[in-house]
Number of protein chains: 2
Amino acid sequence: MKNFDTVSLSFSGGSHDHKHCVKTALNDAEALCSARGARLTDARKRVLELVWESHHPVGAYDVLSKLSQESGKTAPPTVYRALDFLLEQGLIHRIESLNAYVGCSHPSEEHSGVFLICNNCGCAAEVHDSTIDQAILKKTDSLGFKTDQRMLEVRGTCPDCHSTQ
Amino acid sequence: MKNFDTVSLSFSGGSHDHKHCVKTALNDAEALCSARGARLTDARKRVLELVWESHHPVGAYDVLSKLSQESGKTAPPTVYRALDFLLEQGLIHRIESLNAYVGCSHPSEEHSGVFLICNNCGCAAEVHDSTIDQAILKKTDSLGFKTDQRMLEVRGTCPDCHSTQ
DNA sequence: TTAAATAATGATATGTTATAACATTTACAG
DNA sequence: CTGTAAATGTTATAACATATCATTATTTAA
Ligand SMILES: [Zn+2]
Ligand SMILES: [Zn+2]
Ligand SMILES: [Zn+2]
Ligand SMILES: [Zn+2]
C-alpha cells in the first residue's frame, strides 16, 4: 500500500475549485469501475455526484430528497443501494458518528483514513498517517485481535474556523 | 492523565466473574457522582446496570425493553436521558459503529479509549495506548486541527473467537 | 438470436434509532 | 413551607435503515 501521509483537503473548504474535485472523482470512479467490471450506472453515478457536492458529509436522506426533486418520487432503498455499491467500491466513506457519507479522493487504493470533522463548519477532511496505522496495528497485534476494518473519527475545530472565529 | 496502556477486558468474556465487574462499576459510579455533586438517581443507576449486563455493547432500545418489562411502559426519552447523563459523566461509552453503549471501567479519568469489537461474539474491549494517542495528536496538531473528541473503533475477531474457531 | 440467468431498479411496507415539545413530579436551598 | 431547578413522564414525530417482492435491464451461453 502506498504512503498516503497527506490531507485530501486542506480545510480550505470554501476557497478551492470544487468542480475539479468532483470531475476528478467521477473520472476516477468511471475508470476504476470499468477496470473492475463493476457497473457504475447512471443512478450510482448521480448519487456519487451528490455525495461529492461538497466536502461536508451528506446524509442518505439528503441525497434522497435531491433525487426526488430531480427525478420524481424516489424511495430509500434506491439511495441505500447506490451508497452500498459506492462503499463497496471504496468510492465513498461512511462517517459513523454522523450517519453520513463523503467522497473518497483516492479510491484506487485500499486504505483506512482518519476523518477530521469540524464541529463548527461541518467539513470533513480525510487524512492518512502511517504512524497512526502502525501504532494501532502494533496494539491490536499484541492483543491477538485480528482487524477487519477500523474507523477513526476526530471531532473538533478545523484550522479555518479556528483562525476566522 | 494516567497511563492506561491496558486492556479493560482480556476478551475472556465468558469466563470471568462479571458480577464483580458490575459491582465495581456501580460502586465507582456512586462515588464519582457523589464527589461531583451529580445525581445518580435510581433510573440512571438501573440503566447503568443494564448497560453493564455484559461486555457486549447494548442498544438503547434493548435497555428500553428491559425497563418496560420490569417497570411497565417506558418511553424512549427516559432511556436516552439516562444514557446522556451516563455519557456526560464518563460512566459509559457510545460505540458509534453499532449505535450502542458499553460501560467504562475507569470513569474517574478523562480518556479516549480504543474499542476492539469482535464481529463474531460481539464483545467489546476498551483499550488504551499512549502511542496511538500521541500519533493522532501529532497529526492533528500538525494540521492545526483542535480536537474535542475522537472515536477509534476496530472491528475484527477477538483472540477467544480466533482460537476456539 | 433467443432463452435463461443474473444484476439492477421500482415500490410498498416496516423496522430501528433518536429527539422535540410540553406537562408533571421531585429534590433541595433559602 | 415555598420558590426554583432538576428530573421524569407522556405523546408525537423525526431521522436513519432494511425486508420483501415485483419488474426491468444486462449479460451469458446454448
Ligand atoms: Zn479515501
Ligand atoms: Zn470548520
Ligand atoms: Zn466483566
Ligand atoms: Zn469474539
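These numbers come from a predicted model, not from an experiment. Below, read A as the first sequence line, B as the second, and so on, with proteins coming before strands; counting in each chain starts at 1. As a basis for the values below, the full set of heavy atoms in this structure was taken, side chains included, without hydrogen atoms, waters or symmetry mates.
Residue B/Tyr80 places at least one side-chain N or O under 4.0 Å from the OP1 or OP2 atom of C/dA18. Between B/Lys73 and D/dT11, a side-chain N or O to OP1/OP2 separation shorter than 4.0 Å is present.
In this entry the distance linking CD of A/Glu96 with P of C/dA18 reads 12 Å, nearest Å. Here D/dA17 presents its P atom at 9 Å from CG of A/Leu83, a figure rounded to the nearest Å. To the nearest angstrom, P of D/dT8 lies 9 Å from CZ of B/Phe85. Protein atom CG of A/Leu40 is 13 Å distant from nucleotide atom C1' of C/dA8, rounded to whole Å. In this structure, CG of B/Asp42 is placed 13 Å from P of D/dA7, rounded to the nearest angstrom. One atom, CD1 of A/Ile95, and another, P of D/dA17, lie 13 Å apart when rounded to the nearest Å. One can place CG of A/Asp84 at 16 Å from P of C/dA7, the figure rounded to the nearest angstrom. Rounding to whole angstrom units, NZ of residue B/Lys45 and C1' of D/dT8 are separated by 18 Å.
Screening B/Tyr101, B/Phe115, B/Trp52 for a ring-ring contact (aromatic ring centres under 6.0 Å, His included) with B/His93, the sole residue that qualifies is B/Phe115. Evaluated for a side-chain hydrogen bond (donor to acceptor under 3.5 Å, both in side chains) with A/Asp133, the options A/Lys138, A/His111, A/Arg150 yield exactly one hit, A/Arg150.
Hydrophobic clustering of Ile, Leu, Val, Met, Phe, Trp and Tyr side chains at less than 4.5 Å, counting indirect connections, keeps A/Ile136 apart from B/Leu137.
Ring orientation note: the planes of A/His16 and A/His55 are tilted relative to one another, at an angle of 30° to 60°.
Listed candidates were D/dT8, D/dA17, C/dA18. Nearest to the side chain of A/Tyr101 is D/dA17. With distances taken from any side-chain atom of A/Pro77 to the nucleotides D/dA19, D/dT8, C/dG10, the minimum falls on D/dA19. Side chain of B/Arg94, nearest nucleotide from D/dT10, C/dA18, C/dA8: C/dA18. Here the side chain of A/Arg81 is nearest to one of D/dC16, D/dG9, C/dA11, namely C/dA11. Of the candidate nucleotides D/dT11, D/dG9, C/dA7, C/dA7 has the atom nearest to the side chain of A/Arg39. Comparing D/dA17, D/dA6, C/dA18 by their closest approach to the side chain of B/Asn99 singles out C/dA18. Side chain of A/Thr41, nearest nucleotide from C/dT9, D/dC16, C/dT12: C/dT9.
Residue A/Arg44 is in sugar-phosphate contact alone, with no base atom involved, counting any heavy-atom pair closer than 4.0 Å across all strands shown.
By the 5.5 angstrom centroid cut-off and the 30-degree plane limit, A/Tyr61 is classified as stacked against the base of D/dC16.
Remark: A/Glu153 does not engage A/Arg155 in a salt bridge, criterion side-chain N to carboxylate O under 4.0 Å.
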